[in-house]
Amino acid sequence: MSYQVLARKWRPGDFSEVAGQEHVLKTLINALDKQRLHHAYLFTGTRGTGKTTLARILAKCFNCEQGVSATPCNVCGVCAEISEGRHLDLFEIDAASRTKVEDTRDLLDNVQFAPSRARFKVYLIDEVHMLSSHSFNALLKTLEEPPEHVKFLFATTDPQKLPVTILSRCLQFHLRNLGPKTIVKYLGPVLEKEQIECETDALWQIADAAAGSMRDALTLLDQAISYCQGRIKAEAVVEMLGIPPRQHVFALLRAMASGDLPGVLKVSRELAGQIPDYAQTLDSLLSTLHRLALAQAYADAIDNHRGDRGEILELAGKFSAEDLQLYYQIGARGREELALSGDARAAFEMLLLRMLVFSPEPAVTAAPSSETPSSGEPPLPPETRESQPAEPAFPSDSAPPWEEPAPSDPGPAPGQPAKSKPTANDSLVADFEQDPVVQTLVRNFSGTVLRDSVTTVQSRGSQ
Ligand SMILES: Nc1ncnc2c1ncn2[C@@H]1O[C@H](COP(=O)(O)OP(=O)(O)OP(=O)(O)O)[C@@H](O)[C@H]1O
Ligand SMILES: [Mg+2]
Ligand SMILES: [Zn+2]
């Protein structure tokens, strides 16, 4: 038999197999148990969350040979045919390819005839928002008072595009995105039945990458099975997904916490060596920033399902709440920039630099993290931090760490202060201060950001 992809093979056959969506299941099951059947149902939600799946189960509930119930038998001819999407009285229509009013009229002409075998004729219209406004108008009358033997099941990812006249004639069910926990819980038994071994961490990586869609999770699992050939390992999944290993994100944040610019760039260089998907990398960074902010606000909100709770709590103590908010905002806005940029690595590094430069504490002037003991203590209040002697992230008269050191530069003599001779920075500061545009901006600018930037440049130049 030909191979069937996991998402199709494991489509839930009844309500008990559906993951999540409890709020929808409860309403549907209660209504079916009490035989309170409506004639039009609308399922909304993002891709791969169970709209078509629930609609097909509902069609079985209506038409199972054992009678209308919330537990279709799944063995009778009708149930089997509906599961395979080939029952004569189940009309699955893709509205995206049948948008014209003529198509809708054809459909409505057939509505009047009795079902061929089943109790009800079920019209399952997918992506229903794609119908033209004429089509919707043609549908209104029948949708309000359809023949006894007709049920309409609509599904759409974009309910905003439906006319209110349609919405008000349907029972509406909004399917939620599935959380990583729900996805992991669902994938475990699937793997067991498929007799495939998988590391728990690999499953979490897949569940995170699926971003709420069970179909995406199952597709990624398919991909991981082919990629790994045997036991699915977290390392391989990370490689396959192009996401950075979690240690890299933590290393990046650790360097950022201590304003260690060379450290940040070093991690970025290591990351670049793995040719990551930078959008995914940024997403990982953002989701970790979110967890750090949560950890600061309410440590109990951080669970340990990824085995990193201790690390998160420790790191959370090293940032100020303002920094985390700012980094998150800069990162979230930067997603667009990343997509537009021709050089993803450069765009990603620009975002990291921006986070450091615009930090309320001039982070780029802090000492390198390699020399900073990781105390795990909460961050110092801003006044205390400002009183700390600011040091450049790397000495201004030596080459930055990502460049080869210039062989002609002997560096400061032992015991000599490194800043005794004029540096390139001094002239940079002088140029900066004398620039008429900068002077006008400083005079007129009411915010603090530019003033802080000038202070930062001045403090760097004065050392
Ligand atoms: N809630 C769920 N529980 C279990 N499996 C699910 C769930 N949602 C989706 N799936 C899996 O994903 C596959 C696709 O789901 P389904 O066709 O119901 O998605 P959909 O919401 O209709 O998506 P689309 O908007 O792309 O049409 C199913 O075959 C099933 O394997
Ligand atoms: Mg669908
Ligand atoms: Zn049945």
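Order of listing sets the numbers, starting from 1, for every ligand and every atom in it. All values below were derived from every heavy atom in this structure, side-chain atoms included, with hydrogens, water molecules and symmetry-related copies excluded.
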For the Mg ion (ligand 2), every protein N/O/S atom that sits closer than 2.8 Å, waters excluded: T52 OG1
Ligand 1 atoms in contact with [X] (distance to a heavy atom under 4.0 Å):
{"X": "Y186", "value": "4 (C), 5 (N)"}
{"X": "L218", "value": "11 (C), 31 (O)"}
{"X": "T157", "value": "25 (O)"}
{"X": "R11", "value": "16 (P), 17 (O), 18 (O), 28 (C), 29 (O), 30 (C), 31 (O)"}

Verdict with supporting geometry, T46 and T49, side chain to side chain donor-acceptor pair (under 3.5 Å): CA-CA 6 Å; T46 46; T49 48; 4.7 Å; no
Backbone or side chain, does any N or O of [X] fall under 3.5 Å from an N or O of ligand 1?
{"X": "A19", "answer": "yes"}
{"X": "P12", "answer": "no"}
{"X": "G50", "answer": "yes"}
{"X": "M214", "answer": "no"}
{"X": "T49", "answer": "yes"}

R335/D283 salt bridge by N-O under 4.0 Å criterion: yes
Angle in degrees, rounded to 10°, that SG of C79 and SG of C64 form at the Zn ion (ligand 3): 110°
Minimum heavy-atom distance K121-F113, with the two atoms named: NZ-O, 3.0 Å
